[in-house]
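To find a chain, count down the sequence lines: A is the first, B the second, and so on, and within it residues start at 1.
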Number of protein chains: 2
Amino acid sequence: MLSQKTKYALKALLYLAQQDINHISKTTDIAESANIPKKFLEQILLDLKRGHLVGSKQGKLGGYYLLKSGNEITLADIHRLFDGAIALLPCASLNFYERCSDCKNESECLLRHGLMTIRDETLKAMQGITIASLVKK
Amino acid sequence: MLSQKTKYALKALLYLAQQDINHISKTTDIAESANIPKKFLEQILLDLKRGHLVGSKQGKLGGYYLLKSGNEITLADIHRLFDGAIALLPCASLNFYERCSDCKNESECLLRHGLMTIRDETLKAMQGITIASLVKK
DNA sequence: TGTAAATTCTATAAAAATAGTAGAGTTAAA
DNA sequence: TTTAACTCTACTATTTTTATAGAATTTACA
C-alpha cells in the first residue's frame, strides 16, 4: 500500500499537471484543492523538489510548478521517491538492494527469484502509469 | 514491501512444502532451518492455521503440515493474510475496500482508475507465484 | 525601505504498526 | 505421570508514519 505521503504527492502532482503551463501554484491552493494538511504538504513539495520533479519560486507570488511533463513522471518514480523499493523484499530490489538479515544463503533462496519476477511485472505496470495518463481519464 | 512476518510465513510454507507428504514438522525445526525466531514463528503458524493454509497436530509428536498442495497456495493469498490489500490504496482494493479519508469525490478521483489497473496486473502476477512454483526453481 | 506573502529548514510529538518476548495453559504420546 | 509439542493472551521495545510548530529566508511591490 502507498503511504499517505505518497498519495498526497500524487495528488499534488495531478493538481500541478492540470494547471496552465507556466502557472505557479501556491501550497495553500494545492492543499485546499486536494484536501491535504498544508504543513505536511510543504514537506512533501520539498521532497518532490529534491527529487527534481517540481521546481519552486520563492518569495511573494512564489510557489511550485512541474519540472517535467506529465508523461515523464511515472508512478514508479514517485513510489521510489517516497516509499522506496518496488520489489517485495530488499534482496529482490534493483534500486534499493539489501541483503535479508535472516538469509543464510542468498543464491539458494527459493523466494528471491519469484519476487524478482513480480518486481519486473509490477515495475512495468507502474512505469505505464504516468501523471499525464491519470489526468486524461 | 513484505513485512518480516509475511516473509517468515513464506519461508515456513516453503519448508513445509519440501517435506515428505504426511510428514509433521515441529516449530523448532522450521525455526532453525529457516532462521526465524521461534516464538515469533509460533504466532505466524497459528495465523497460517487460522487462514486454513496449514493444519496442526497437538501434543508430543505434534507439529504443522500443509493443508493445501503447494500449487494451491499463491503469493496473493499469503500477502492478503498477513499484509492485507494488494491494491496500492484501500479505495482500489477488491478484498479490503475502504474509502480514503481525504477523498472529496471518489467517482471523480483521477488516481483510483490507474491504481485499479496496477492492482489487476499485480494480482495476476502474484497469483502466478505459488509455493510449488517457488520450490521448483 | 518596509511589509506582506510565499518558500525553506529544523525540531518535536503523537499515534500506529512492526517485530518480537514471556509465560501460563492445553493436548497427546509413551 | 512425564515430556514435548501446540495454543493463547498479554506485554514491550523499536521504528515508521503522520503530522505540527515556529523561526528563517526570499521576493514583489507600494
Could you tell me whether the phosphate oxygens of [N], OP1 or OP2, come under 4.0 Å of any side-chain nitrogen or oxygen in [X]?
X: Tyr8(A); N: dT17(D); result: no
X: Ser3(B); N: dA17(C); result: no
X: Thr28(B); N: dA5(D); result: no
X: Tyr65(A); N: dT7(C); result: no

Rounded to whole angstrom units, what separation is found between the [atom1] atom of [X] and the [atom2] atom of [N]?
X: Leu46(A); N: dT8(C); atom1: CG; atom2: C1'; result: 6 Å
X: Lys5(B); N: dG20(C); atom1: NZ; atom2: C1'; result: 10 Å
X: Leu48(A); N: dT8(C); atom1: CG; atom2: C1'; result: 15 Å
X: Met1(B); N: dT15(D); atom1: CE; atom2: P; result: 16 Å
X: Asp47(A); N: dT8(C); atom1: CG; atom2: P; result: 11 Å
X: Lys60(A); N: dT1(C); atom1: NZ; atom2: C1'; result: 15 Å
X: Ile44(B); N: dG20(C); atom1: CD1; atom2: C1'; result: 10 Å
X: Gln43(B); N: dT9(D); atom1: CD; atom2: P; result: 12 Å

Looking across every strand, which nucleic acid part, if any, lies under 4.0 Å from [X] by heavy atom: base, sugar-phosphate, or nothing?
X: Thr27(A); value: sugar-phosphate
X: Lys39(A); value: base
X: Gly62(B); value: sugar-phosphate
X: Lys49(A); value: sugar-phosphate

Return yes if a side-chain donor-acceptor contact under 3.5 Å exists between [X] and [Y], otherwise no.
X: Gln127(B); Y: Lys124(B); value: no
X: Ser107(B); Y: Asn105(B); value: yes
X: Thr74(B); Y: Asp77(B); value: yes

- Side chain of Gln4(A), base of dT16(D): donor and acceptor closer than 3.5 Å? no
- Shortest side-chain distance from Arg50(A), nucleotide among dC6(D), dT21(C), dC9(C): dC9(C)
- From the list dA29(C), dA6(C), dT7(D), which nucleotide is the closest neighbour of the side chain of Lys26(A)? dA6(C)
- Task: Hey, which sits more toward the 5' end of DNA chain D by its nearest nucleotide, Glu42(A) or Lys57(A)?
- Result: Glu42(A)
- Task: Using heavy atoms to find the nearest nucleotide of DNA chain D for Gln58(A) and Thr6(A) separately, return the residue whose nucleotide is more 5′.
- Result: Thr6(A)
- Task: Could you check Lys5(B) against Asp83(B) for salt bridge (charged side-chain N to carboxylate O under 4.0 Å, His left out), going step by step and ending with a plain yes or no?
- Result: CA-CA 9 Å; Lys5(B) 204 169 182 176; Asp83(B) 282 343; over 6 Å; no
- Item | Distance (rounded to the nearest 0.5 Å) between Leu16(A) CG and Leu53(A) CG | 10.5 Å
- Between Ser93(A) (side chain) and Leu89(A) (backbone), is there a donor-acceptor pair under 3.5 Å? no
